[in-house]
Every structure is written in C-alpha cells, then in structure tokens.
Amino acid sequence: MSRERILGLRLTPMTHRRWRNFRANRRGFWSLWIFLTLFIVTLFAEFIANDKPILAHYQNSFYMPVFVAYAETEFGGEFETEADYRDPFVRDLIVDSGGWLLWPPVRYSYGTINYNLPVPAPAPPSAENWLGTDDQGRDVVARLIYGFRISVLFGLTLTLFSSVIGVAAGAVQGYFGGWLDLLFQRFIEIWSGLPILFLLIILASVVEPNFWWLLGLMLLFSWMGLVGVVRAEFLRARNLDYVKAARALGVSNGKIMAKHVLPNAMVATLTFLPFILNGSITTLTSLDFLGFGLPPGSPSLGELLAQGKANLQAPWLGISGFMVLALMLSLLIFIGEAVRDAFDPRKAAE
C-alpha cells in the first residue's frame with residue numbers, strides 16, 4: 001500500500017500518521033475487517049437465509065421469488081396466494097416440469113417455522129437446523145443473521161443522529177458560552193439524571209414499538225454523550241487567536257464554528273463513535289430482552305437471549321445469542337481502541 005494513497009485517495013501527512021497508528025493496533029485493524037465482513041454479509045441476509053429460492057426456472061422462464069411474490073397458479077397450482085416453495089407439492093410442480101430451484105444456504109427465514117421437527121420445539125442442533133430452533137420452531141441461524149443486521153443498522157442510525165444533535169448542541173453551547181451555556185448545562189444535568197431505561201420501558205409500553213419509534217425514543221437521551229467533549233473543545237478554541245482574527249475580519253459565527261473550530265472537535269468525536277454504537281446496540285438488546293423492544297416476531301438478539309433464559313433445557317439458545325452479541329460488541333470495542341490510538345497525538349506507530 002502506498003504511503004501517500006489509500007483506496008485512491010491522497011493522504012495528508014496527518015491522515016497518513018493516523019492511518020499508520022490505526023494499523024499499528026493489529027487487534028483493532030483486524031477487528032474492523034472482521035466486523036465489515038460480517039456486516040456486509042448480513043446485509044444480503046435474504047440471499048443467505050430464506051424460505052424462498054433465489055432463482056427458479058419453470059417452463060423456459062426464470063423467476064426470482066426472493067424479490068417477487070408469485071402466486072401458486074404461476075407454477076400450475078390451484079391457489080391464488082403466494083407459493084410456498086417449501087411445500088413438496090409446489091416443488092414437485094416445478095421440478096417435474098423440468099424446472100429447478102436455486103436455494104440459499106439456509107432454507108429458513110427469521111420467521112419460518114419448521115413443522116417437521118422430530119422432537120418438540122425448541123429442537124437441538126441438527127443437519128436441518130444447524131443451531132437448533134427456538135421455542136416456536138424457528139431456525140436459530142436465520143434469526144441470528146437477521147438479528148445481527150437489524151442490531152447494527154439500528155446502532156449505526158442512532159449513532160449518526162445522536163452525533164449530529166450532540167455535536168450541534170455542544171458546539172452552540174461552547175462557542176457562545178455565557179447564560180446559554182449555563183442554562184444548557186443545567187438542562188443536561190436534569191435530563192441525564194432521569195432513569196433512561198425505565199422511561200424507555202414506560203414509553204415503549206404505551207404504544208406498539210417498531211424500529212423507528214424505538215429509534216426516536218432512544219434518540220431523546222443518547223445525544224448527550226458527545227455534548228461534553230464538543231463543548232470543551234469549543235470553549236477552548238473560541239478564544240484562540242485565529243478565531244479572534246476571523247471575527248475581526250467579519251466572518252460569521254456559523255462559518256467560524258463549521259470551518260475553523262469543528263474540525264478540531266471532530267477528533268474527540270470520532271474516538272467516541274464506536275463506543276456510542278456499542279451502547280446503542282446494548283440498549284436495544286436490553287429492551288428486547290425485557291420484552292419492550294422490537295415487535296414480537298422480529299429477529300432480535302435480545303429476544304433470543306430471553307428465550308434462552310426461559311428454556312434452560314435448550315442451552316443452544318442462550319449460548320448462540322450470547323456468542324454473537326459478545327463477538328459484535330468485542331469487535332466494536334477493539335475498533336474503538338484502535339481509533340483512539342489513531343487520533344492520539346502522543347501515539348507513534350511502530
């Protein structure tokens with residue numbers, strides 16, 4: 001890899017030094033690649049775990065059931081409803097006419113129930129269900145794949161919105177100071193002193209929760225994590241000579257904040273982002289575990305842990321959910337440590 005270019009982008013000496021510091025932390029560097037690989041793979045979960053074929057060939061025509069819902073009558077069946085490709089009758093209709101089905105590696109979606117279990121659910125791991133099923137007969141591998149994706153997407157979305165609000169609040173508070181800073185600090189002290197988890201449980205029990213509703217509820221409290229560090233940086237920088245010179249030249253406060261002070265504050269902000277992402281995923285898992293998270297039936301790591309607690313005779317449930325969650329959070333922590341080293345001016349790459 002060139003000293004000056006990474007992925008075709010020309011690096012400044014400062015960026016190059018930070019990249020070397022990041023790579024010097026081997027644990028964080030490899031954790032980033034492992035996490036990105038897992039995340040990218042789960043983004044295409046429908047092609048990995050699904051109860052519908054990726055591609056079907058029937059009477060010289062190609063079908064993509066993973067994207068389009070085809071009626072059973074399309075394949076010579078009797079019902080106008082969507083074809084159930086796991087039904088032997090439907091499969092025989094396609095195969096006996098010279099067609100074929102291309103299935104994903106796991107022939108179950110997160111909500112697919114296996115009605116042909118040899119034992120009562122939850123069933124232990126087998127060749128059909130690699131990590132067994134939960135207490136409703138749903139495949140654990142499929143639920144883990146979809147649960148990983150929804151947890152990371154939820155955490156990334158919440159982290160993005162929280163960072164925007166937190167950075168903006170800390171910037172305004174630190175740059176202008178005075179009564180605005182004083183009143184804002186008192187508000188944050190009161191707001192942060194509220195029992196957040198209990199309030200989330202109460203609010204989530206009032207309405208039927210979904211992805212966006214939970215995101216909004218958690219956003220009410222998660223934005224405060226970055227306010228302190230951004231405020232401190234703006235308080236320090238607002239009296240520096242280059243800021244005073246910009247004011248004297250008539251530069252607007254908004255431009256000074258955005259172009260001159262904010263880049264310095266972003267260093268501390270970026271080092272906190274992986275840990276905020278960790279906290280977002282943990283909070284969602286906690287709510288799902290308590291039954292106040294995503295709607296029933298949604299693929300959720302917290303719900304899988306709750307099933308493991310309720311079915312101690314099926315240890316594969318709790319162990320599977322714990323291992324995936326522990327791996328995800330550990331990777332994010334290691335990435336956060338590497339990012340912290342990268343932006344540490346006292347750290348020199350070996």
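- Partners of R247 according to the salt bridge (Lys or Arg N to Asp or Glu O under 4.0 Å) rule, which considers only residues two or more places apart in sequence or in another chain, do not exist here.
- Under the 30°/60° scheme for interplanar angles, the aromatic rings of F187 and W191 are found to lie parallel.
- Scanning both residues, H57 and N60, for their nearest heavy atoms gives NE2-CA, 3.6 Å.
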Dump the intermediate steps for side chain to side chain contact (heavy atoms under 4.5 Å, CB included) on Y110 and R138, then the final yes or no. CA-CA 7 Å; Y110 64 87; R138 299 171 300 191; over 6 Å; no

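- Using a distance-only test at 3.5 Å, with no hydrogens or angles considered, a donor-acceptor pair links the side chain of R86 to the main chain of R107.
- S162 contributes no side-chain N or O that, together with a main-chain N or O of T159, makes up a donor-acceptor pair within less than 3.5 Å.
- Between E46 and R149, at least one side-chain nitrogen of the basic residue sits less than 4.0 Å from a carboxylate oxygen of the acidic one, meeting the salt-bridge criterion.
- Here the side chain of E72 pairs no donor or acceptor atom with the backbone of E80 at under 3.5 angstrom.
- Looking at T133, its side chain never comes within 3.5 Å of a backbone N or O of N129 through a donor-acceptor pair.
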Apply side chain to side chain contact (heavy atoms under 4.5 Å, CB included) to T282 and L329, showing your working. CA-CA 8 Å; T282 304; L329 299 181; 3.9 Å; yes

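- In terms of modelled atom types and a separation under 3.5 Å, the side chain of Y70 and the main chain of M64 share a donor-acceptor contact.
- Ring pair W100/F62 is perpendicular by interplanar angle, where above 60° counts as perpendicular and below 30° as parallel.
- Linking ILVMFWY side-chain heavy atoms closer than 4.5 Å, directly or via other members, places F39 and L160 in two distinct hydrophobic clusters.
- When the ring-ring contact (aromatic ring centres under 6.0 Å, His included) test is applied to F35, no partner is found at least two apart in sequence or on another chain.
- Using a distance-only test at 3.5 Å, with no hydrogens or angles considered, no donor-acceptor pair links the side chain of S330 to the main chain of L327.
- In the hydrophobic clustering of ILVMFWY residues, with side-chain heavy atoms under 4.5 Å counting as a link, I54 and V95 come out apart.
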Does the side chain to side chain contact (heavy atoms under 4.5 Å, CB included) test come out yes or no for I150 and S300, once each step is laid out? CA-CA 8 Å; I150 198 170; S300 164; 5.9 Å; no

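- The minimum heavy-atom distance linking G170 with F234 is given by the pair O-CB, 4.5 Å.
- Between the side chain of N25 and the backbone N or O of D341 there is no donor-acceptor pair closer than 3.5 Å.
- Smallest separation of non-hydrogen atoms from A237 and V243: O-CG2, 3.1 Å.
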Between F89 and F75, is the ring-ring contact (aromatic ring centres under 6.0 Å, His included) condition met? List the steps. CA-CA 11 Å; F89 175 74; F75 307 104; over 10 Å; no

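- Under the 3.5 Å distance criterion, the side-chain polar atoms of S151 are left unmatched by any main-chain donor or acceptor of F148.
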Where do V167 and L262 land on the side chain to side chain contact (heavy atoms under 4.5 Å, CB included) test, with the steps shown first? CA-CA 9 Å; V167 169; L262 184 59; 3.5 Å; yes

Quick one, Y108 with N114, criterion side-chain hydrogen bond (donor to acceptor under 3.5 Å, both in side chains). Give me CA distance, side-chain angles, the key distance, then yes/no. CA-CA 8 Å; Y108 295 92; N114 186 353; 3.0 Å; yes

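- A donor-acceptor contact shorter than 3.5 Å is absent between the side chain of N311 and the backbone of A314.
- No donor-acceptor pair closer than 3.5 Å links the side chain of E303 to the backbone N or O of P296.
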